[in-house]
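Atoms within a ligand are numbered from 1 in the order they appear, just like the ligands themselves.
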Amino acid sequence: MLLDNHGRPLTYLRLAVTDRCNLRCFYCMPEEGIKYLPKSKLLSYEEMLRMVNILAEMGINKVRITGGEPFVRNNLIDFLEKLAEIEGINDLSITTNGVFTGDYIKQMKSIGIRSVNLSLDTLDKNRFYKITRRDEFDKVYETLFRLIDEGFEVKVNAVVMEGKNIEDLIPLAELTRNNNVSVRFIEEMPFNGEGAHYARLEWDMLRILEELNLHFPDLQKLQDGPYSTSYNYQIPGYQGNVGIIAAFSRTFCGTCNRIRVTATGELKTCLYDDGVLNVRDLMRGGVSDEELKSEFMKAFRNRAKDGFEAESNRKNIVKESMTTIGG
Ligand code: SAM
């Protein structure tokens with residue numbers, strides 16, 4: 001088993017396949033978007049496949065594809081097919097904003113993708129437009145139900161933001177009444193291309209929980225999985241469940257089993273670090289597989305104990321857009 005220097009197993013890679021996105025979510029990037037990089041600066045699919053092969057040999061068994069918006073990158077499905085064939089990778093999933101996703105449902109199924117995280121912060125078309133700066137609510141909403149009907153394990157991710165979507169908390173939780181879906185409320189982080197939108201986070205996990213308890217006094221705590229980043233609950237009689245991800249409060253670092261690689265090949269052993277090695281540069285410099293393994297191992301054995309330590313080790317404050325990282 002691949003362990004970090006704190007004895008935590010590392011099994012899960014979140015891989016951003018692009019820095020581009022077709023939405024302009026307020027909490028993720030400025031209105032004009034961010035400066036996208038030329039394709040030559042991004043890891044090619046071949047480089048990603050080589051890297052995942054190496055990581056799978058080291059002990060990574062789960063890959064989640066993210067971005068940017070994964071479906072914005074050309075030929076994603078061909079890449080996913082190859083990724084699914086890598087020995088040792090037994091769980092392949094995707095995080096998407098759902099705008100183009102509907103066109104690929106059948107292919108995702110046949111590749112063996114079972115779990116889809118769909119980002120949807122509101123059930124109101126106007127608020128969706130205000131948050132994402134794009135008029136795509138109908139497509140995303142339709143895709144949500146198609147994914148559920150097709151039997152995917154669907155997690156709806158909603159960032160909770162004062163003045164933007166507080167009135168959506170209960171309607172989003174109500175989605176779990178008749179649908180076998182997990183709705184997860186995420187604390188807003190300062191990864192937005194500009195820096196923190198708030199001096200103090202208004203909607204932290206405790207306040208979100210308070211709000212849910214107010215409307216659903218019988219809310220029941222569920223047993224969380226061993227590496228779960230969400231605290232999970234169920235409203236009695238409802239089919240799905242709700243969760244809260246303390247992404248800013250960082251209360252789950254003690255069991256964190258994940259690493260990230262950005263679209264430019266930057267390895268992050270914590271979401272809050274600013275990159276610990278660049279896989280693209282090493283590969284393009286001619287590194288061998290064995291050398292790359294040993295570079296990975298050095299990074300894994302030097303992992304910050306939590307998101308606060310990782311943040312304090314950074315050269316710059318947290319303000320890069322999540323689209324450049326992969327959430
Ligand atoms: N485009 C895909 C999507 O929308 O799901 C994948 C990339 S997106 C960056 C991944 C996740 O990061 C989304 O669920 C999004 O809501 C979340 N995210 C982005 N910026 C965030 C922020 N500042 N705070 C909390 N979550 C954020």
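- Electrostatic pairing of R314 and E311 does not count as a salt bridge here, judged by no charged N lying under 4.0 Å from a carboxylate O.
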Between the protein and ligand 1, which nitrogen or oxygen pairs come in under 3.5 Å, and how far apart is each?
from     : atom 1 : to   : atom 2 : distance (Å)
ligand 1 : 1 (N)  : G68  : O      : 2.9
ligand 1 : 1 (N)  : E69  : OE1    : 3.0
ligand 1 : 4 (O)  : S119 : OG     : 3.3
ligand 1 : 5 (O)  : T96  : O      : 3.3
ligand 1 : 5 (O)  : S119 : OG     : 2.5
ligand 1 : 14 (O) : S119 : OG     : 2.8
ligand 1 : 16 (O) : Y27  : OH     : 3.2
ligand 1 : 23 (N) : Y27  : O      : 2.8
ligand 1 : 23 (N) : M189 : O      : 2.8
ligand 1 : 23 (N) : F191 : O      : 3.3
ligand 1 : 24 (N) : M189 : N      : 2.9

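- Grouping Ile, Leu, Val, Met, Phe, Trp and Tyr by side-chain contacts under 4.5 Å, direct or through others, leaves Y129 on its own.
- In terms of modelled atom types and a separation under 3.5 Å, the side chain of R303 and the main chain of T269 share a donor-acceptor contact.
- Classification of R207 and E210 as a salt-bridged pair fails, no side-chain N sitting under 4.0 Å from a carboxylate O.
- Side-chain contact check for N232 and S230: at least one donor-acceptor pair (N or O, by modelled atom type) lies under 3.5 Å.
- The cationic atom of K125 (NZ for Lys, CZ for Arg) does not lie both less than 6.0 Å from the six-membered ring centre of F137 and within 45° of the ring axis.
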